[in-house]
Amino acid sequence: MEPACPHFTRCGGCHYQHATPEYQGKQKLEILREVLRRVGKVEAPDGIRYLSGPAWEYRNRIQLHFDGQWMGYHEAGSHTVVGIEHCPVASPRLNESIAALRKMMGERRWPRFLRSMELFTNEEEVQVNVLDSGSKHLSHAFFEWCAESMPGALSAALEYPAAGETFRVSHKSFFQVNRFLVDQLVETAIGRVSGDRALDLYAGVGLFTIPLARRFPETVAVETVASAVTDLEHNAKRAGVTVSAVREGAERYLERVEQAPDLIVADPPRAGLGRGVTASLNRLQPQRLIIVSCDPSTLARDLAELTASGLRIESMTLLDMFPQTAHIETVTQLGPK
């Protein structure tokens, strides 16, 4: 298959553009099974469900790097900037922003000290997050300039519709990057489950928390990032649901929990749950535990700990949230043996 991007193999962003989406999906399923077996000595369920969406223009968030002359992504395995004019996996609004920034770089007022920025969009507005400007600070005038071609650049937060809700996402808050599959991710993780008590670990701005709170009278959300907790509380209030938001690490919070809620959802970063969290989960033995993972290796490690102490894998879904790349997102449901 002919790669869609002329920078493929040099740019470090994509890995699989030479393969068809169907082949990519099959390979990712095999990789997931192999990693679970090799790292965790865990056998995946026979029928891993596979969900995919459009293979191009799916990203709502990108990081751009600058070296004074070029703007683009880092070369694979280095910090050399690969200059780009268009990114086939970025959304249309992000590609419009790339074009606007390229034009701005040609003007004398462009800040040559700028090294990297992140763009996040809901396809109407664009949030501009400066990640590295060296020892200098960008003036408000720079963001006003950005806002001329990127509406939203002056806003402290962006409103993102997903899963039937609207989420405020501030500059330092995390949100899923695949604009096509975020609804299916929520549906896969929590389905139509209901009960009395739910716990959402690594809750972010409340992507899982808000839908859970519509079905569970008592819903607790645990998150460490201050901006995300503030966003979550705002999102819950606007949605008209009751949520107890706790700004604390999952490991420390779970140490105080004496009885398992009806449902625990955990969406950790790439580092996974870790031994402290898995030890508490094994002690609690929840009736239903949902793990949303973006790294098969750490998932395998965590599942090895959990399945050795009374829990079993009931189902597993691979959502191809990152087409053209080697990254794998999974939703695993566990329950008592």
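As the structure is a prediction and not an experimental result, all values here were calculated from the model.
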Under 3.5 Å, is there a donor on one side chain and an acceptor on the other for [X] and [Y]?
X      : Y      : result
Ser227 : Ser173 : yes
Glu233 : Asn235 : no
Asp231 : Ser170 : yes
Ser91  : Asn60  : no

Atom pair [atom1]/[atom2] of [X] and [Y] - distance to nearest 0.5 Å:
X      : Y      : atom1 : atom2 : result
Ser244 : Asp200 : OG    : CG    : 12.5 Å
Asp67  : His74  : CG    : NE2   : 8.5 Å
Leu158 : Asn122 : CG    : CG    : 4.0 Å
Phe143 : Trp145 : CZ    : CH2   : 12.5 Å
Leu207 : Phe167 : CG    : CZ    : 5.0 Å
Glu85  : Asn95  : CD    : CG    : 11.0 Å

So, for [X] and [Y], which heavy atoms are closest and what is the spacing to 0.1 Å?
X      : Y      : answer
Leu311 : Asn282 : CD1-OD1, 4.3 Å
His15  : Gly12  : NE2-O, 4.0 Å
Asn178 : Pro323 : ND2-CD, 4.0 Å
Ser97  : Val126 : OG-CG2, 3.6 Å
Ile210 : Ala239 : CG2-CB, 3.7 Å
Leu273 : Leu306 : CD1-CD1, 4.4 Å

- Message: Does the Lys NZ or Arg CZ of Arg115 fall within the cation-pi geometry relative to Phe66 - under 6.0 Å from the ring centre and within 45° of the axis?
- Response: no
- Message: Checking Met316 against Arg49 for the side-chain contact (heavy atoms from CB on, under 4.5 Å) test, could you report, in this order, the C-alpha distance in whole Å, the side-chain angles of both residues, the deciding distance, and whether it holds?
- Response: CA-CA 6 Å; Met316 185 175 288; Arg49 188 184 179 202; over 6 Å; no
Decide if atom [atom1] of [X] counts as having more than 12 heavy atoms of other residues, nucleotides or ligands within a radius under 6.0 Å.
X      : atom1 : answer
Tyr23  : OH    : no
Arg252 : CZ    : no
Arg312 : CZ    : yes
Lys337 : NZ    : yes
Glu123 : CD    : yes
Glu34  : CD    : yes

Using only atom types and a distance under 3.5 Å, with no angle test, would you say the side chain of [X] pairs donor to acceptor with the backbone of [Y]?
X      : Y      : answer
Gln324 : Pro21  : no
Asp183 : Ala162 : no
Arg288 : Val193 : no
Glu223 : Val225 : yes
Gln24  : Ala19  : yes
Arg197 : Pro217 : no
Arg283 : Val257 : yes
Ser133 : Lys136 : yes
Gln127 : Val169 : yes
Asp132 : Leu114 : no

- Tell me, please, which residues at least two apart from Ala76 pass side chain to side chain contact (heavy atoms under 4.5 Å, CB included). none
- Any residue meeting ring-ring contact (aromatic ring centres under 6.0 Å, His included) with His140, in chain and number order, not counting sequence neighbours: none
Indicate yes or no: at least one non-hydrogen side-chain atom of [X] is less than 4.5 angstrom from one of [Y].
X      : Y      : answer
Gln287 : Pro336 : yes
Arg37  : Glu43  : yes
Asp196 : Phe216 : no
Leu334 : Ile291 : yes
Leu154 : Glu144 : yes
Thr332 : Glu314 : no
Phe322 : Val177 : yes
Leu36  : Leu303 : yes

Test of understanding: clusters of I, L, V, M, F, W, Y form through side-chain heavy atoms closer than 4.5 Å, transitively. Do [X] and [Y] belong to the same one?
X      : Y      : answer
Val229 : Tyr202 : no
Tyr16  : Tyr50  : yes
Leu281 : Val265 : no
Met104 : Leu131 : no
Phe120 : Ile62  : no

- Stepwise side-chain contact (heavy atoms from CB on, under 4.5 Å) test for Cys87 and Tyr73: CA-CA 10 Å; Cys87 175; Tyr73 302 135; 3.2 Å; yes
- Message: Under the criterion side-chain contact (heavy atoms from CB on, under 4.5 Å), I'd like the reasoning laid out for Val292 against Phe208: C-alpha separation, chi angles, the key distance, then a yes or no.
- Response: CA-CA 11 Å; Val292 181; Phe208 300 114; 4.0 Å; yes
[X] bridged to [Y] by N-O distance under 4.0 Å:
X      : Y      : result
Glu30  : Lys28  : no
Glu118 : Lys172 : no
Glu159 : Arg168 : no
Arg93  : Glu96  : yes

- Taking it one step at a time, do Thr188 and Val186 satisfy side-chain contact (heavy atoms from CB on, under 4.5 Å)? CA-CA 5 Å; Thr188 300; Val186 175; over 6 Å; no
- Task: Evaluate the ring planes of Tyr160 and Phe175, with Trp represented by its six-membered ring, and classify them as parallel (under 30°), tilted (30 to 60°) or perpendicular (over 60°).
- Result: tilted
